[in-house]
Amino acid sequence: MPQFTHLWKSKSNSLFFKLLTSFAIIILLLVSFNFLSYTFFRTNIQNEIINNNRLNLNTAVNNYEKQLVLIKNLGFNLYFNEKTEIMKNTSPQLNYEMMAQIRKELQSTLATPFLYLHNIIYFFKDSSYVIEKEGTSTADVMFSKFYYNESYSLPFWTEQLQKQASFKIYPNAHFIEKGPEKPTLKGNFMPILIKNISNQNFAIIVLLDSSKMYEALQPPGSSRFLILDEDRQPLFSSTGDVTKSDLPLDYMTGQQGFRQIDQSYVFYQKGSETGYTYIHTIPLERIASQIVKLNWILIALLGISVVIGIAASIFFTIKLNHPIARIIESIRNLNGPSSPRSQIKEFDLISDKLYDLQRMNRDIHDDLTSKNSVLQHYMYMNKLKMIHGGGQNVKVPMNSDRPYQLVLFQMQMKQAFHEQSDMEMNKAMYYIREYIHYHFTRSLQESLTFQIEKDQILSLLFIESGRLFDLDASLQSLKQVFDLDLAYCLITIATSPLQHESVDLAVAYEQVIELAKQRRLADETLIVSEDEPAPSSFALSVAEEQEFTANLSAGNSTAVISIVSRVLNQMHKKRATALQFSEFARDIAARVTKLLQSSGIETDQLLGEQPISEQLSECYKVEQFHNLFEKLLTSASERNKRKKSQADYITDFVTEYVESHYGEDISLELLAEKLNITGAYLSTYFKEKNGINFSDYINSYRMSRAKEMLEHTQLKIQEISERVGYHNVNSFIRMFKKVTGIPPGEFRKGDAQKAKTSP
């Protein structure tokens with residue numbers, strides 16, 4: 001018995017026994033928690049599933065209500081904006097400029113994906129004319145060919161314009177396009193009518209893509225989803241049939257609820273904004289199967305947790321105990337046993353042998369001293385970073401003054417890399433750096449290669465004494481490999497002279513940076529090892545600038561192309577660097593863009609969809625620069641020609657009328673009525689085209705005629721006032737002084753110099 005007691009105390013005092021006991025207690029707590037959780041959820045799970053489906057329907061209803069209110073507000077904004085008002089008051093077939101602006105606005109609105117809109121149609125009943133995202137057509141063609149549905153014909157929409165409703169949503173329907181061979185399904189749309197009840201001639205018809213909206217907003221798990229209007233008539237059904245609702249609707253009392261009908265749970269809820277009823281149907285067997293499935297899952301989890309807990313406790317106890325046992329055994333072999341002083345005998349023995357750590361620390365220190373290659377790598381990288389960032393005075397000692405050379409690899413990723421390659425820039429640079437490191441370490445084992453910038457890789461090559469190393473041959477070998485990927489990447493290799501002093505690292509680094517900038521035009525990997533000073537910067541002379549601007553404004557593409565080509569050929573002849581070509585090209589492109597914009601000409605897509613800056617970055621030969629500028633300058637010249645050839649009949653009419661009737665009463669509304677446009681539109685248009693308000697233009701013209709009469713006639717000021725349209729002489733005098741700076745009497749006496757220099 002005493003022997004058993006001693007054995008029990010020895011085992012219970014061990015680390016293994018204490019760990020196993022602790023794990024067993026934790027497992028017991030987890031099993032108890034899982035069992036209580038299972039008991040609780042088994043009695044409440046059905047109610048939770050039903051409440052979850054009610055919450056899902058509530059979320060879907062809120063999303064649908066917000067979406068319909070958003071579309072309603074959007075429709076009324078379009079209906080009552082300035083452009084629409086102008087089109088309603090004028091003939092839509094004649095107002096081409098405003099029609100184009102409306103189409104552009106529609107296309108921008110329809111491009112918003114979360115609106116789920118397929119098309120927006122402006123319907124003019126009297127002219128039977130429609131405007132939509134693709135263009136214009138007659139209403140008969142639109143609703144009988146492009147968007148045909150038997151229920152939504154032209155007579156239907158004509159009839160809807162007579163009804164007293166400003167916003168109306170109609171049931172979902174299939175729309176087709178009648179082609180020459182067979183009809184094509186356009187989609188399932190829910191039409192929406194937006195109009196003014198006092199205007200029965202114009203309406204906006206919105207085609208809402210109900211299928212896309214259902215995919216985005218549907219409640220999860222629904223086998224059928226219905227939307228009923230205020231009269232309980234179907235507007236949308238996820239099954240596609242909206243002709244009727246086969247559900248009994250008399251039980252739908254109140255704002256929301258649910259009912260078990262046959263073999264389904266039917267959840268319903270009314271929208272707070274529209275008053276529509278939303279119905280969400282879940283099969284009964286789906287809920288029952290969820291309950292049974294969850295019961296089995298809980299039971300399985302309970303069993304698995306018990307098994308895994310027991311297995312894990314034994315496994316981790318053994319894993320933790322074995323290393324400690326080996327440590328104890330090794331300590332015993334060195335120094336013998338010691339008396340325990342805590343509840344865990346293993347820790348007592350470890351505490352007695354802590355003095356061994358001093359010896360171990362000395363061994364680790366010696367090992368780290370002999371293995372410092374990684375630290376050396378980061379030491380050089382840190383020094384180069386300080387050089388690049390302005391820390392040249394910081395002293396970072398190198399390991400020795402062995403001879404070394406720097407090799408810089410400057411990367412330029414082409415557009416094809418970003419469009420066709422699935423690899424990211426950082427990953428590509430990592431692979432290139434690893435290959436360069438492998439290439440150099442085959443010959444120079446202590447060479448270092450690291451990424452100094454996002455597009456720069458630097459190699460530090462230590463030249464071993466007594467060993468032959470042909471750097472040129474090594475770089476030519478790298479060039480052959482890099483040239484295989486010219487479609488994706490262009491690389492410039494710059495090498496420094498051989499250095500012998502570690503303090504010259506900063507000088508060598510600056511040398512390779514400058515050499516990389518001396519790259520010439522070539523669609524290949526270039527190796528730059530000798531300093532070849534670049535010629536001075538290139539730019540158009542003052543005379544060339546004037547000639548360039550004049551010919552481009554006149555649309556003379558041949559002359560401007562000749563000017564630019566002459567400079568490009570001169571740069572090529574003098575071996576200008578690729579950087580100089582790029583700077584000159586961007587300067588010319590900026591001049592062209594600024595000149596077009598100053599003339600009110602659009603500069604979008606001068607060279608297609610790809611921006612000019614991206615196309616310039618893809619030019620690696622002088623021929624590519626010539627071709628690009630030929631296309632750019634030809635396109636810009638043609639736009640200038642088109643701008644000059646456009647006749648502006650509105651401003652011409654206004655100026656001619658003012659010059660002929662300046663002595664009569666002239667108002668903005670009078671001229672707008674003659675042009676069949678609104679006064680607000682005429683005022684904005686005249687200011688945009690002439691840079692001056694309409695009233696300021698009339699006053700300025702009248703005062704110029706008054707000055708002529710004062711200089712060349714003997715008419716009295718009263719008579720001149722009446723002839724230029726002022727029946728009140730005091731008003732004429734005030735306006736004359738405001739425009740010229742002096743009264744008309746002083747002007748006639750000869751003090752007119754100030755007036756002639758006035759704006």
Side-chain angles (χ1 to χ4, degrees), residues 96-97 100-101 103-104 107 135 412 414-416 418-420 486-487 490 519-523 535 537-649 651 688-689:
Y96 297 110
E97 181 178 357
Q101 294 181 18
R103 281 185 55 203
K104 186 175 181 180
Q107 291 171 354
Q412 182 180 356
K414 295 185 177 180
Q415 189 68 24
H418 302 288
E419 294 178 350
Q420 303 175 17
L486 284 177
L490 208 59
R519 175 187 177 90
R520 265 56 180 182
L521 288 180
D523 194 8
S537 59
F538 294 87
L540 297 179
S541 65
V542 176
E544 287 175 331
E545 286 185 7
Q546 295 175 351
E547 183 182 357
F548 180 87
T549 303
N551 283 286
L552 185 60
S553 300
N556 188 356
S557 59
T558 304
V560 289
I561 292 173
S562 175
I563 295 171
V564 174
S565 297
R566 186 164 62 248
V567 178
L568 290 175
N569 291 332
Q570 183 183 7
M571 294 175 67
H572 183 63
K573 183 178 180 180
K574 293 186 177 182
R575 291 184 52 78
T577 65
L579 180 62
Q580 288 177 321
F581 271 97
S582 178
E583 290 175 349
F584 173 75
R586 295 181 188 280
D587 177 65
I588 295 297
R591 289 177 183 274
V592 172
T593 304
K594 183 177 180 180
L595 183 60
L596 292 180
Q597 290 176 345
S598 65
S599 300
I601 301 174
E602 291 289 338
T603 58
D604 295 339
Q605 297 186 350
L606 271 173
L607 291 176
E609 295 183 357
Q610 188 178 9
I612 298 176
S613 58
E614 292 183 5
Q615 298 195 38
L616 285 174
S617 64
E618 291 294 305
C619 293
Y620 313 107
K621 297 180 180 179
V622 68
E623 293 81 7
Q624 293 175 321
F625 280 102
H626 278 291
N627 294 335
L628 180 65
F629 275 116
E630 184 174 351
K631 296 177 183 178
L632 173 64
L633 298 175
T634 300
S635 176
S637 299
E638 290 177 353
R639 294 195 181 191
N640 263 323
K641 286 182 180 179
R642 288 197 298 267
K643 179 70 175 180
K644 290 182 178 298
S645 63
Q646 291 176 350
D648 193 346
Y649 69 92
T651 56
E688 179 182 349
K689 293 295 183 180

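The chain is numbered in sequence order, starting from 1. In what follows, every heavy atom counts, from backbone to side chain, and hydrogens, waters and symmetry copies are set aside.
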Problem set entry | Taking every non-hydrogen atom, the tightest pair across Ile612 and Leu632 | CD1-CD1, 3.8 Å

Problem set entry | Under 3.5 Å donor-acceptor, Arg575 side chain and Arg520 backbone | no

Problem set entry | Under 3.5 Å donor-acceptor, Glu618 side chain and Gln415 backbone | yes

Problem set entry | Min side-chain heavy-atom separation Glu638-Ser557 under 4.5 Å | no

For this session: Flag this pair as yes if the NZ/CZ of Lys414 is under 6.0 angstrom from the six-membered ring centre of Tyr620 and inside a 45 degree cone about the axis; otherwise no.
Result: yes

Exercise. Can you find a pair of side-chain heavy atoms, one from Val564 and one from Glu630, that are under 4.5 Å apart?
Worked result: no

Exercise. Can you list the residues that meet the side chain to side chain contact (heavy atoms under 4.5 Å, CB included) rule with Arg586, with sequence neighbours excluded?
Worked result: Ser582, Ser613, Leu616, Ser617

Exercise. Ignoring hydrogens and geometry, is there a side-chain-to-backbone donor-acceptor pair from Ser562 to Thr558 under 3.5 Å?
Worked result: no

For this session: Side-chain contact test, heavy atoms from C-beta onward, threshold under 4.5 Å: evaluate it for Gln624 versus Asn627 and give yes or no.
Result: no

Seminar exercise, completed: For Leu540 and Ile563, the nearest pair of non-hydrogen atoms, with its separation, is CD2-CG2, 3.9 Å

Seminar exercise, completed: Contacts of Phe581 meeting ring-ring contact (aromatic ring centres under 6.0 Å, His included) (sequence neighbours excluded), chain-then-number -> Phe625

Seminar exercise, completed: Here the gap from Gln580 atom CD to Lys574 atom NZ, rounded to the nearest 0.5 Å, amounts to 10.5 Å

For this session: Look at the side chain of Asp587 and the backbone N and O of Glu583, then say whether any donor-acceptor pair between them is shorter than 3.5 Å.
Result: no

Exercise. How close do Ala576 and Phe538 get, heavy atom to heavy atom, and via which atoms?
Worked result: CB-CE1, 3.7 Å

Exercise. Are more than 12 heavy atoms from other residues, nucleotides or ligands located less than 6.0 Å from atom NE2 of His572?
Worked result: no

Problem set entry | Any donor-acceptor N/O pair, Ser635 side chain to Lys631 backbone, under 3.5 Å | no

Problem set entry | Asp523 to Leu490 - nearest heavy-atom pair and separation | OD1-CD1, 3.7 Å

Seminar exercise, completed: Here the gap from Leu633 atom CG to Leu628 atom CG, rounded to the nearest 0.5 Å, amounts to 9.0 Å

